[in-house]
Amino acid sequence: MKEKTLKKSAHFISILLNIGCIIFGVFSVSLFAGIMVIVCAQLFTPGMFHKAWGTAIKAGQTFSFGQCVFFFICCLGKFICIFLALYNAKRIFGCIGKGDSPFIAKTAIQIRKIALYVLMFAVLSVLSVFKMAFSSFFMCALFALILFCISLIFDYGCELQQEVDETL
């Protein structure tokens, strides 16, 4: 009974994660297209771009063009990190939803990847916001460390699963 509940729950979570992947995939592509438009407008129509940029500066905008592009690239990196973390989580729950054992080497690797994406997200957050609270960065880093430890637990579970399978 518990295995059936686990499969249903994992399948439902996999669907939610799939929706999240689609949303952040669309966000990432849209932001990339926006960055390309801004950069190309600067390259191909500098007169019009400088006129629009001058209007923004008069309205109180204080960042330079380079700072704005850097900010948008950091935001794109954050969206990509979220997308990749959701994608790897979707793969984990997708396998469990099919009835496969979660104690396989691939699961531990995917959890480590999620930990890496969380850590990269924290670094990009610090870079993009220019002022990020140390506590927020610390929480992201701590969460990444916890995920890394969980991946080691899954490695150990994988070894135990392999021993049980060999014994039978």
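For reference, positions follow the sequence shown, starting with 1. Because only heavy atoms are used, hydrogens play no part in the values below, and waters and symmetry mates are left out as well, while side chains stay in.
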**Student:** Would you confirm whether N88, through its side chain, and L84, through its main-chain N or O, come within 3.5 Å as a donor-acceptor pair?
**Tutor:**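 The answer is yes, because a donor-acceptor pair under 3.5 Å joins these two groups.
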**Student:** Quick one: CD1 on I80 to CD1 on I73, what's the gap to the nearest 0.5 Å?
**Tutor:**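 Reported to 0.5 Å precision, the distance equals 10.5 Å.
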**Student:** If you look at every heavy atom in Y117 and A85, which pair is closest and at what distance?
**Tutor:**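 Taking every non-hydrogen atom into account, CD1-N, 3.7 Å.
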**Student:** Where does the angle between the aromatic ring planes of F24 and F27 fall among parallel (under 30°), tilted (30 to 60°) and perpendicular (over 60°)?
**Tutor:**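 Correct class here is perpendicular.
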**Student:** Please check if F148 and F143 belong to a single hydrophobic cluster, counting links between Ile, Leu, Val, Met, Phe, Trp and Tyr side chain heavy atoms closer than 4.5 Å.
**Tutor:**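 No; F143 is not reachable from F148 via cluster members.
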**Student:** In the single-linkage hydrophobic clustering (I, L, V, M, F, W, Y; side-chain heavy atoms under 4.5 Å), do L76 and V26 co-cluster?
**Tutor:**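 Each belongs to a different hydrophobic cluster.
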**Student:** Are the side chain of T107 and the backbone of F103 linked by a donor-acceptor contact shorter than 3.5 Å?
**Tutor:**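 Checking the backbone N and O of F103 against the side chain of T107, no donor-acceptor pair under 3.5 Å is found.
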**Student:** To the nearest 0.5 Å, what is the distance between NE2 on H11 and NZ on K98?
**Tutor:**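 Rounded to the nearest 0.5 Å, the NE2-NZ separation comes out at 10.5 Å.
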**Student:** Find the distance between CD1 (I111) and CD1 (I146) and round it off to the nearest 0.5 Å.
**Tutor:**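 Atom-to-atom, I111:CD1 and I146:CD1 are 13.0 Å apart.
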**Student:** Please name the pair of heavy atoms, one in F154 and one in A108, separated by the smallest distance, quoted to 0.1 Å.
**Tutor:**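 Looking at all heavy atoms of both residues, the shortest contact is CB-CB, 4.1 Å.
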**Student:** Side-chain heavy atoms nearer than 4.5 Å, only ILVMFWY residues, links allowed to pass through others: does that put F83 and L17 together?
**Tutor:**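 Linked within one cluster.
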**Student:** Any idea which heavy atoms bring L31 and F72 closest together, and the distance?
**Tutor:**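 Distance-wise, the nearest heavy atoms are CD2-O, 3.7 Å.
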**Student:** Check for me, please, whether I109 and I153 land in the same ILVMFWY cluster - side-chain distances under 4.5 Å, paths through other members count.
**Tutor:**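 In one cluster: no.
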**Student:** Can you tell me how far apart CD1 (I19) and NZ (K90) are? Round to the nearest 0.5 Å.
**Tutor:**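 So the gap between those two atoms works out to 11.5 Å.
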**Student:** Would you call L152 and R112 a side-chain contact if the rule is heavy atoms closer than 4.5 Å?
**Tutor:**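 SC-SC contact between L152 and R112 confirmed.
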**Student:** Testing the basics here: between Q161 and S101, what is the closest heavy-atom pair and its distance to 0.1 Å?
**Tutor:**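 Residues Q161 and S101, closest heavy atoms: OE1-OG, 3.7 Å.
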**Student:** Hey, what do you get for CG (N18) to CD1 (I13), rounding to the nearest 0.5 Å?
**Tutor:**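 So the gap between those two atoms works out to 13.5 Å.
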**Student:** What's the shortest heavy-atom distance between F70 and L127, and which atoms?
**Tutor:**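 Distance-wise, the nearest heavy atoms are CE2-O, 3.6 Å.
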**Student:** Indicate the atoms forming the closest heavy-atom contact of C81 with L124, along with that distance.
**Tutor:**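 Taking C81 first and L124 second, the nearest heavy atoms are SG-CD1, 4.1 Å.
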**Student:** Just how far is it from atom CZ of F79 to atom CD1 of I23, taken to the nearest 0.5 Å?
**Tutor:**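 Output value for this atom pair is 11.5 Å.
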**Student:** Is it true that a side-chain atom of T167 and a backbone atom of E163 form a donor plus acceptor pair closer than 3.5 Å?
**Tutor:**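 Yes, the answer is positive, given that a donor and an acceptor are paired below the 3.5 Å cut-off.
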**Student:** Check whether Y156 and I96 end up in the same hydrophobic cluster, where Ile, Leu, Val, Met, Phe, Trp and Tyr are linked by side-chain heavy atoms less than 4.5 Å apart.
**Tutor:**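 Different clusters.
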